[in-house]
Amino acid sequence: MKLSASGADLLAQLQTVSRVASTRSAVQALSGVQVSATASRVELRATDMEVSLRVPLTADVQREGTVVLPARLLLDVARSLPRSADSVSLELRPEQQDVEVVAGHAKFHLRTLRAEDFPPLPEPGGDTVVTVPAGAFVDTIATVAKSASRDETRPILTGILVSASGQELRMVATDSYRLSVKETVLESPLEGGFEANVPARALEELRSVVGSTGAETIRIGVRANQVVFEVGGAVLSSRLIDGQFPNYRQLLPEQFEHELRIAGDELGDVVKRISLMAQKNAPLRLSFGDGELTVSAQTPDVGEASEPLPVPFAGEPFEIGFNPDFLRDGLDSIGAGDLLLKLISPLRPGLIQSADDGGFTYLIMPIRLNV
Amino acid sequence: MRLIVARCEVRYSGRLDALLPEALRLIMVKSDGSVMVHADTGGYKPQNWMTPPTVIEEAEGLLVVRKRAGATEDRLDIRIAEVLSDVEHDMGEAAALEKDGVEAHLQELLAEQPHWCGEGFRLVRREWPTDIGPVDLMCRDDEDGWIAVEIKRVATIEAVEQLCRYLERLREDPAMAEVRGVLAAQSIKPQARVLAESRGLRCVEVDLAVLRGEREPELTLFA
């Protein structure tokens, strides 16, 4: 294999693809990037056996071939290449079992990894194939992704339930402490549809790929246990998560004691400010009184803070505590504009929705307050 | 406890054969029938050992330790060429290792509050006997179904296999043919959870501080 490419292109594509390379596998090849050069196309590929990514590289191919190189090392080398060099060449030296990387006067020899240990990656397509607008898809991911769990001991909750059919795209994520539901109305109806629990990590990676490719559409192929996203020449695939995702509709309370319309920006600012004093797992305290909400926090040996803001509250005063980060996440996802804050009691979940029916619902469980 | 420092050859026979050639070693014989053969090097592990129940026979220059292992017999023949020291000590009641979060403590707390293992659970018995060892808790639920609960501090794949073995033995009794299994632990390894769920076992992570009443359980949208 021998090819030459622009240093900037190589670096950009390596930065994208090497995020997917494994950092923990016993199989060394999975920590590598596969460089595949044919007359018509050069591709960089990486996988950790759960998520895989193939990105194109614009390059001149002098000799076809495939090689696997350590991802982290190759990325560091690409990053360090002299800016004055017009291009960088990669040439496999089979007898030395390395690849010579030359840019300007700089020359590197990187030992190759075992190519036979690098698995074949999924091809695009699937039992069901749907094309969705990229912007709407990644915006929806961004709205709900923070609510997905990071706890691998409950794998089902580490995914985002993605449903696409007709003119509706819906994503749901929950870690059992909060639940985010975003329903996006698409401009045109989809041909086909699917529902799948996709690892949040894979969808976050998809966001990055869409960002770097600037693609306008995503072609999604769904198989029994796998999903493949084609985005502007890149192909991202991921296993799907088995098991029953929580029935979020059953979790949404039907009735609330209090429903308040509040300026989202204003509440968000106060929460962000006062949360500085909610450290070491201290809750954020929301105290509702006649026409007023006081947001306060206290951490022993650190300090305390409070700030009132006017809200249309009437009735018996009550207090409810929330995890400050979780509350902020919900408010951030609402964004600008008014929101509806719906509450029942200090031990029942609260609901935050955009007042303009922006299709976002955030259910958040409170924290017990020590009286 | 009997401690013998002797020049000896140790031959193990049974499911496999092993020979320790003659050398100076420590032979430890405990009151429960455990026998261990230690060298002066090689770390904390004995070079050979037999766990109870054992039958120990002694003759001139020979110590034989036998144990039934299913249809076969495991046997340790210790040929003693020279005794340098042979002492016996009455150790009295052993003091158990004290450790916070130890399984016995977890078992006590879960026996008092079996609902943490599953909704509606009531305790039938602690240390429910089977012919391969006791199950930590045997419970019944609202529908009078049987549930065997295995309790660990940290649940690994071995714990899952252990519970599966217990369930296999329990289900041989027609009255308990439908007994279910629950693995309760302070923490459950991800691989153990995957294996447990694939075998139809339920996993429950328990918080010791919550069990002790030192902290209220966290509120969640769902279990």
Side-chain angles (χ1 to χ4, degrees), chain A residues 24 50 147-158 161 172-181 199 239 241-253 281 283 320-323 326-327 330 343-352 361-371, chain B residues 101 103 106 110 113 115-119 149-164 180-223:
Chain A
R24 292 184 293 183
E50 301 228 325
S147 294
S149 174
R150 308 285 182 266
D151 182 4
E152 290 291 342
T153 62
R154 297 183 78 176
I156 289 175
L157 302 186
T158 63
L161 185 67
V172 185
T174 179
D175 59 4
S176 82
Y177 299 105
R178 63 302 186 27
L179 170 91
S180 285
V181 183
R239 62 166 182 91
I241 300 175
D242 267 337
Q244 189 65 37
F245 196 83
N247 185 337
Y248 74 93
R249 288 192 179 90
Q250 282 182 350
L251 299 173
L252 298 173
N281 299 320
I320 188 168
F322 289 114
N323 176 310
F326 293 172
L327 184 60
L343 301 166
I344 305 171
S345 73
L347 296 182
R348 296 289 311 280
L351 192 84
I352 302 175
T361 300
Y362 191 74
L363 190 68
I364 176 173
M365 207 62 197
I367 291 182
R368 289 174 211 274
L369 291 173
N370 298 325
V371 176
Chain B
E103 279 162 23
L106 267 179
L110 286 173
Q113 309 165 74
H115 60 271
W116 288 109
C117 299
E119 206 172 307
V149 181
E150 184 62 20
I151 298 166
K152 296 289 181 197
R153 204 167 52 81
V154 177
T156 61
I157 280 185
E158 285 70 33
V160 176
E161 297 285 12
Q162 183 185 9
L163 180 53
C164 286
R180 301 180 334 256
V182 168
L183 183 59
Q186 281 189 284
S187 80
I188 301 177
K189 296 285 187 192
Q191 307 94 311
R193 188 181 287 271
V194 168
L195 183 62
E197 286 171 2
S198 75
R199 301 248 182 114
L201 307 177
R202 211 161 68 82
C203 291
V204 173
E205 277 192 354
V206 292
D207 187 325
L208 191 61
V210 169
L211 283 175
R212 283 173 172 163
E214 291 165 1
R215 187 174 67 231
E216 292 277 1
E218 281 183 322
L219 298 170
T220 55
L221 293 168
F222 50 87

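Keep in mind that the numbers below use all heavy atoms, side chains included, and drop hydrogens, waters and symmetry copies. We name chains A, B, ... by the order of the sequence lines, and we start the count at 1 in each one.
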Nearest heavy-atom contact between B:Thr220 and A:Tyr177 is CG2-CE2, 3.6 Å
Name the region of A:Leu252, side chain, backbone, both or neither, that has any atom closer than 4.5 Å to a heavy atom of chain B. neither
In terms of heavy-atom contacts, does CD of B:Glu119 have more than 12 from other residues, nucleotides or ligands at under 6.0 Å? no
Looking only at heavy atoms, which two atoms of A:Pro246 and B:Phe222 are closest? And how far apart? CG-CZ, 3.7 Å
Distance check, rounded to the nearest 0.5 Å: B:Leu221 atom CG versus A:Leu363 atom CG? 5.0 Å
Kindly check if the number of other-residue, nucleotide or ligand heavy atoms within 6.0 Å of CD (B:Glu218) is above 12? no
Rounding to 0.5 Å, atoms CD1 (B:Ile188) and CZ (A:Arg154) come to a distance of 10.5 Å
Would you say A:Asn247 has more than 12 foreign heavy atoms packed within less than 6.0 Å of its CG? yes
Contact part of A:Leu179 toward chain B, heavy-atom cut-off under 4.5 Å: side chain, backbone, both or neither? both
With a cut-off of 6.0 Å (strictly less than), are more than 12 heavy atoms of other residues, nucleotides or ligands near CG of A:Asp242? no
Heavy-atom proximity to chain A below 4.5 Å, by part of B:Glu197: neither
B:Leu219, part contacting chain A, at a heavy-atom distance under 4.5 Å: both
Using non-hydrogen atoms and a 4.5 Å limit, figure out which bit of A:Arg178 sits close to chain B: side chain, backbone, both or neither. backbone
